[in-house]
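A short worksheet on the structure shown next.
Small disclaimer: the values here were computed from a predicted structure and weren't measured. All heavy atoms count here, side chains included; hydrogens, waters and symmetry mates do not.
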Amino acid sequence: MNKLFATLTAAAIAASATFAKDVITVKGSDTMVILAQRWAEAYMAAHPDATIQVTGGGSGTGISALINGTTDICNASRPMKGAEREKLKQRFNSLGIEIKSAKDGLAVYVHENNPVKELTLDQIKGIYTGEITNWKEVGGSDSKIVVYSRENNSGTYVYFRDFVLKGKDFVASAQTLPGTAAVVNAVSKDASGIGYGGAAYAKGVRFVKIKKDASSEGFEPSAETVKNGQYPITRYLYMYLRSKPTGALKQYIDWTLSPEGQDIVTKVGYFPAK
Amino acid sequence: MNLNAWTALFALPAVVLAQGGPSTDSAKVDTLTAKVAHLEEKASNIEAAMKSGEEAFAEVKTTVDKLAKIKVGGYVQAQWQFADSLNQASVDGGNFTATSQERIMIRRARLKTTYTTATSRYVLEFDALPSGLSVKDANVQITEPWLKAFSATAGIMDRPFGFEVGYSSSAIEVPERTRGSQILMPGEKDLGAMIEFAGTDKMGFLEHFNAKFGGFTGMGSGAVENDNEKDYVGRVGFALPFYDINLAVDGGFSAYIGKVTDTTTKVSETKTVNDTVTWVAKSGTKRWDTYDRNLMGVDAQIYYDLPVIGGISLRGEYWWGNWPSVVGNTGLGSLDGNGAYLREVASWYVMVVQNVGTKNQFAVRYDVFDPNTKVDGKDIGKYLGTNKPNLNDAAQAAWVLAWNFFWDDAVRFTVAYDINLNEETNSAANPNIAATSTPAQIASAKKNFTKWSKDFDNNQVTVRMQVKF
């Protein structure tokens with residue numbers, strides 16, 4: 001009996017060894033996908049032996065992949081939830097490693113011709129929860145507000161709901177789109193539209209200045225306002241790993257946090273983590 | 001400007017160029033006008049088709065959003081087992097038959113449907129085996145909409161006791177739960193109602209605490225209520241994460257406070273009489289008397305990420321209490337016509353699980369179940385007779401060694417080896433034979449006690465494949 005167990009185990013472990021691989025896989029946040037691609041391209045150019053595969057899908061998708069063991073690095077534009085940590089703990093006996101890889105100002109976009117220049121956090125909350133439905137209620141023209149949002153597997157969606165909407169649900173009429181680029185595209189074509197997403201994506205739309213409250217000054221997301229905390233909606237962009245990185249994975253992570261890697265963060269339109 | 005007008009505007013120069021330049025020829029103008037009109041009509045058709053598509057998309061999206069609330073999942077565990085002997089008693093899927101020591105079987109085949117809204121949840125789970133279909137979970141849950149921390153559940157669900165009972169059978173790192181868990185909490189489920197608190201990340205320090213408390217029939221998921229007594233079960237737990245060092249310390253305290261009704265007047269308890277441990281009839285018992293079925297439990301789990309190797313966890317659990325049961329079975333449920341046997345039970349285990357990379361996981365567990373802590377192994381078989389301690393009072397233990405290989409996110413292979421140990425009984429070489437024993441009983445008892453007087457061969461290997469979706 002002992003020999004049978006030992007034989008079965010040895011044979012199976014030997015078979016499992018054939019599945020070892022050297023490719024680093026990165027999956028998750030759509031907000032971070034351009035940044036992750038730029039990192040991968042630059043790193044592979046400097047390290048020809050390295051292979052880094054980057055895909056998006058949303059923070060929730062990336063976290064699921066981390067838990068399922070199908071990605072090495074999960075990109076997430078929100079912190080992992082307690083329940084997700086629990087799943088990782090159950091499968092891998094580890095809480096996971098969180099790495100703050102960049103900082104982002106979560107921008108609110110409107111059409112270039114929209115006369116509304118600034119909004120308070122409460123007004124944004126009102127628009128996205130359906131309490132405010134017409135632009136004239138916030139100093140704009142008399143037109144119905146068309147709300148664009150993200151799908152619920154998006155870290156940006158979760159962060160916006162938790163931080164800006166204080167956990168309240170999005171208005172039912174909000175149109176959900178599969179990526180920040182899609183939100184920007186929709187708002188750029190809709191004079192009554194409003195959307196949110198990473199500051200790096202804002203092409204063809206205009207930032208709204210965000211005010212903490214009615215009496216405070218409004219700010220657009222910029223390196224300075226995000227870094228000094230003046231811009232009210234800032235967040236970290238994370239990389240999550242199952243365990244402490246070693247070998248090629250550690251080299252890559254260290255490089256993304258190096259001045260060279262953080263320089264790419266700035267070029268893409270985000271802000272250094274430190 | 002609508003789509004028709006834009007299309008016409010952009011199409012015009014192309015049409016004009018196609019004609020070789022401006023012309024005053026009225027026929028050409030007419031031709032151009034007709035072509036523009038034709039293009040406008042086409043654009044109009046396209047616009048109508050797009051609007052129709054948008055409407056269809058909106059309808060589909062509404063349907064998809066509704067369907068997204070329904071989740072269907074499940075798993076199948078197919079396994080091959082090899083035992084040391086024919087007819088071997090086993091807790092890993094039931095006893096082997098008298099003519100087999102190896103078998104292929106479907107251990108579990110689950111299909112679970114969950115419908116979730118913002119404040120409610122419905123769960124229905126079946127186990128479809130060749131031996132029959134059974135309901136594993138059938139419950140409804142509502143969650144208060146404000147803090148989303150308190151919920152109430154009613155139906156068939158896991159008993160909120162200890163750590164192992166609520167741990168999914170698809171996730172457990174060795175083939176089966178411990179012997180104590182299987183005997184005292186068979187099937188893990190019971191029918192009842194429960195309230196639950198689960199701290200959220202907006203609740204500060206309370207985020208790390210949870211509590212469950214419920215009233216259950218005490219009959220298990222497959223049986224119907226047989227009396228007015230309810231079993232009250234609860235657990236208060238904590239989960240303390242130390243993210244900076246990737247360490248987590250979890251644990252809890254559980255209580256099972258219940259009663260069981262005896263339909264006879266034959267109630268026995270273990271006592272030491274004249275230096276001899278024996279079953280003694282309890283005096284003054286009446287039909288329909290109830291007896292306490294109480295169990296306490298503590299559990300702890302520590303998780304840590306070992307550099308280079310991977311995550312490791314150390315887990316342990318200890319249960320103790322009073323557990324009235326029938327003569328031949330120390331399990332949960334109603335008593336039978338042979339009366340109640342009042343036992344003090346204990347069950348514990350320690351377990352280490354080590355992940356190596358993303359594919360491999362190794363587990364070692366040692367567990368002990370003592371169905372009667374008042375009886376020592378050497379008290380069993382010392383005397384023969386129906387009122388003397390028997391093999392149902394003997395403790396059993398097991399080392400379980402398991403290796404799991406995760407083929408992908410759905411498929412897991414398990415190879416496990418159970419080294420089963422038994423409390424060594426008296427050999428019954430010179431038993432004091434009770435007058436009530438028949439020659440056949442004496443012969444059988446002598447044979448069994450002789451077997452149990454040393455650790456006998458009852459180890460087994462399990463090779464399992466699980467597919468989960």
Residue list, side-chain hydrogen bond (donor to acceptor under 3.5 Å, both in side chains) with B:S168, at least two apart or on another chain: B:S170
Nearest-0.5 Å distance that lies between atom CG in B:D250 and atom CD in A:E86: 6.0 Å
Inter-residue atom distance B:I309.CD1 - A:T246.OG1, 0.5 Å rounding: 11.0 Å
Gap between atom CE of A:M80 and atom OH of B:Y243 - 0.5 Å precision: 8.5 Å
Distance, nearest 0.5 Å, that separates CG of A:N68 from NZ of B:K468: 9.0 Å
Atom NZ of A:K87 with >12 non-hydrogen neighbours under 6.0 angstrom: no
Sequence-distant partners of B:E176, salt bridge (Lys or Arg N to Asp or Glu O under 4.0 Å), two or more places apart: B:R107, B:R108, B:R464
Side chains of B:N246 and A:S94, donor plus acceptor under 3.5 Å: yes
Nearest heavy atoms of B:G311 and A:S243, plus distance in Å: N-OG, 4.3 Å
Partner chain A: residue of B:G199, B:A68, B:G310, B:A248 with the largest heavy-atom pair count (under 4.5 Å): B:A248
Atom of A:L95, atom of B:F242 and distance for their closest heavy-atom approach: CD1-N, 4.0 Å
Among the listed options A:G96, A:G69, A:P245, the residue most often paired with chain B at heavy-atom distances under 4.5 Å: A:G96
Under 3.5 Å, side-chain donor or acceptor atoms of residues 158-187 of chain A against the rest of the protein: list the pairs with distances, not counting sequence neighbours.
residue: A:Y159; atom: OH; partner: A:T234; partner atom: O; Å: 2.5
residue: A:K166; atom: NZ; partner: A:F163; partner atom: O; Å: 3.4
residue: A:T180; atom: OG1; partner: A:R150; partner atom: NH1; Å: 3.2

Which portion of B:R412 sits near chain A, non-hydrogen atoms under 4.5 angstrom: neither
Structural part of B:D201 lying under 4.5 Å from a heavy atom of chain A: neither
Toward chain A, the part of B:I302 with a non-hydrogen atom under 4.5 Å: neither
Under 4.5 Å from any heavy atom of chain A - which part of B:A171: side chain
Toward chain A: residues of residues 350-358 of chain B with heavy atoms under 4.5 Å: B:V353, B:N355, B:G357, B:T358
Which of A:K244, A:E98, A:R91 touches chain B most, by non-hydrogen pairs under 4.5 Å: A:R91
Under 4.5 Å from a heavy atom of chain A, the part of B:Q301 involved: neither
